[in-house]
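Reviewing the structure listed below.
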Amino acid sequence: MVPRPPQPGQKIACYNPAMSQSPPPAFSFSRLAGAALGAMCGDALGMPVEGWSAARIEQAHGRLDAMLPGRLPAGSYTDDSQMMIAILQTLAQHGGLDPAYLAGRFLALYEPRRGYGGRIDALMSRLAAGEPWDRVATDSWGNGGAMRVGVLGVFFADDEDACLDAALTQCRITHTHPRGLAGAAAQALAVRLAANLGAAGRKPEPTEFVERIAAKIEPIDQHVAQRLRAMPLLPFGDEAEARSALSWAYACDVSAAEAVPPALGAFLAAQQPEQAVVLAVSLGGDADTIGAMAGALAGAYWGLEALPAPWLAALENQSMGRDAVLALCRKICDENC
Ligand SMILES: [Mg+2]
């Protein structure tokens with residue numbers, strides 16, 4: 001079939017390699033769905049070992065590379081993915097980030113059994129009572145703004161300033177401390193860079209990658225920038241060496257400053273997405289969140305097709321599970337790619 005030329009004002013929905021000499025765009029279904037499902041895979045893989053030390057995980061499970069039951073059934077996602085789904089719903093509805101709508105989606109999807117941070121329950125009550133989205137946050141330096149933000153890095157892949165602005169805005173609904181904001185910015189900008197490098201077929205150069213993100217977030221918070229720059233020298237010899245180096249360098253806890261850098265380190269150390277996520281979860285601590293962030297980076301870089309099929313098959317798939325997330329990503333791309 002001979003494709004019809006685009007009409008004036010018509011948006012070209014999809015990249016067709018047969019019709020283009022330019023490189024494929026970084027914002028594509030594969031990379032958006034890769035970031036979303038990559039995050040869900042990391043979240044679900046880390047769920048049963050959240051709060052464990054790296055040593056305890058290794059002792060109990062060896063190389064943890066299969067989804068196990070924990071406080072939720074095997075393959076279940078937690079608060080990280082539930083809040084990311086709210087962001088996807090907002091992009092699907094508005095073609096951009098509307099913070100008032102997003103706050104409403106956070107509230108509509110909220111299920112305490114997913115394991116939200118301690119301050120979120122009170123915050124949701126205030127949203128439910130009708131308080132506006134920009135009045136309910138606490139001065140938190142936690143990683144909650146970063147854990148859910150990766151998909152925005154793909155959505156705004158061609159506009160760094162818009163990516164940064166959206167990352168900060170969505171964070172301010174729940175976290176207003178500069179460290180929380182800087183962590184969210186760092187994760188979104190890192191996913192954006194990963195999507196662009198993946199689309200260009202280029203390997204990330206670790207030192208350059210880390211410095212680019214650190215320099216961009218330094219005006220928001222110097223401490224988070226400094227913790228990024230504390231990244232152990234890469235590449236590592238193997239997974240055990242990488243785990244040991246990242247565990248030594250970072251506390252891998254619920255703070256943005258100690259959770260975002262190891263997730264980025266796990267991505268930069270990995271040869272493929274499975275390794276990035278397994279390595280991130282193996283660090284222990286806030287394992288589901290660090291796994292989710294590494295999974296978003298890996299999925300944005302390598303694309304949906306590179307995520308392990310057994311993980312995708314094991315992911316929770318009820319009303320707002322794997323297939324619903326794929327449908328949201330499809331809708332967002334059809335209307336905005
Ligand atoms: Mg969680």
Side-chain angles (χ1 to χ4, degrees), residues 35-54 56-57 61 64 67-88 102 105-107 109-124 138 140-152 170-171 173-175 180 183-184 187-188 191 250-264 266 276-299 311 314-316 318 320-322 325:
L37 266 61
M40 289 175 80
C41 285
D43 187 10
L45 192 73
M47 176 271 293
V49 293
E50 181 180 1
W52 292 25
S53 68
R56 184 180 169 198
I57 294 171
H61 300 299
L64 177 54
M67 292 189 189
L68 304 176
R71 56 189 172 74
L72 297 169
S76 300
Y77 61 79
T78 77
D79 57 331
D80 309 62
S81 299
Q82 190 154 62
M83 296 188 103
M84 174 198 73
I85 292 167
I87 292 178
L88 289 173
L102 175 58
R105 295 320 301 164
F106 282 160
L107 178 63
L109 294 179
Y110 178 53
E111 293 176 292
R113 71 183 181 93
R114 301 280 181 183
Y116 282 76
R119 300 161 183 242
I120 294 294
D121 197 41
L123 187 151
M124 292 294 179
T138 58
S140 170
W141 37 255
N143 57 33
M147 71 184 186
R148 62 195 185 220
V149 79
V151 289
L152 291 179
Q170 66 80 31
C171 186
I173 301 173
T174 53
H175 297 65
Q187 171 67 5
V191 171
Y250 299 113
C252 300
D253 59 18
V254 298
S255 69
E258 299 298 320
V260 175
L264 182 51
V277 174
V278 167
L279 175 56
V281 167
S282 77
L283 299 173
D286 201 0
D288 59 323
T289 292
I290 297 172
M293 293 191 290
L297 285 158
W311 287 1
L315 269 185
E316 172 178 349
Q318 274 104 35
M320 198 40 75
R322 181 194 64 222
V325 169

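Indexing begins at 1, ligand by ligand and atom by atom, following the structure's order. One is the number of the first residue; the rest follow in order along the sequence.
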inquiry  = Any N/O/S atom, side chain or main chain, of S81 closer to the Mg ion (ligand 1) than 2.8 Å?
reply    = no
message = Tell me which N, O or S atom from D288 is the closest to the Mg ion (ligand 1).
response = OD2
key: Between D121 and Y110: side-chain donor-acceptor atoms closer than 3.5 Å   = yes
message = Quick check: closest heavy atoms across P48 and L68, and the distance to 0.1 Å?
response = CG-O, 3.3 Å
inquiry  = If I consider every N, O or S atom in D79, which one ends up closest to the Mg ion (ligand 1)? I only need its name.
reply    = OD1
ask   = Which heavy atom in A86 sits nearest to a heavy atom in L109, and how many Å separate them?
value = N-CD1, 3.7 Å
Donor + acceptor pair across side chains of R148, T174 (<3.5 Å) = yes
note = Looking at D80, the N, O or S atom sitting nearest the Mg ion (ligand 1) is OD1
key: Which atom of G180 lies closest to which atom of C171, heavy atoms considered   = O-SG, 3.6 Å
inquiry  = So that I can check it, does any N, O or S atom in E50 come closer than 2.8 Å to the Mg ion (ligand 1)?
reply    = no
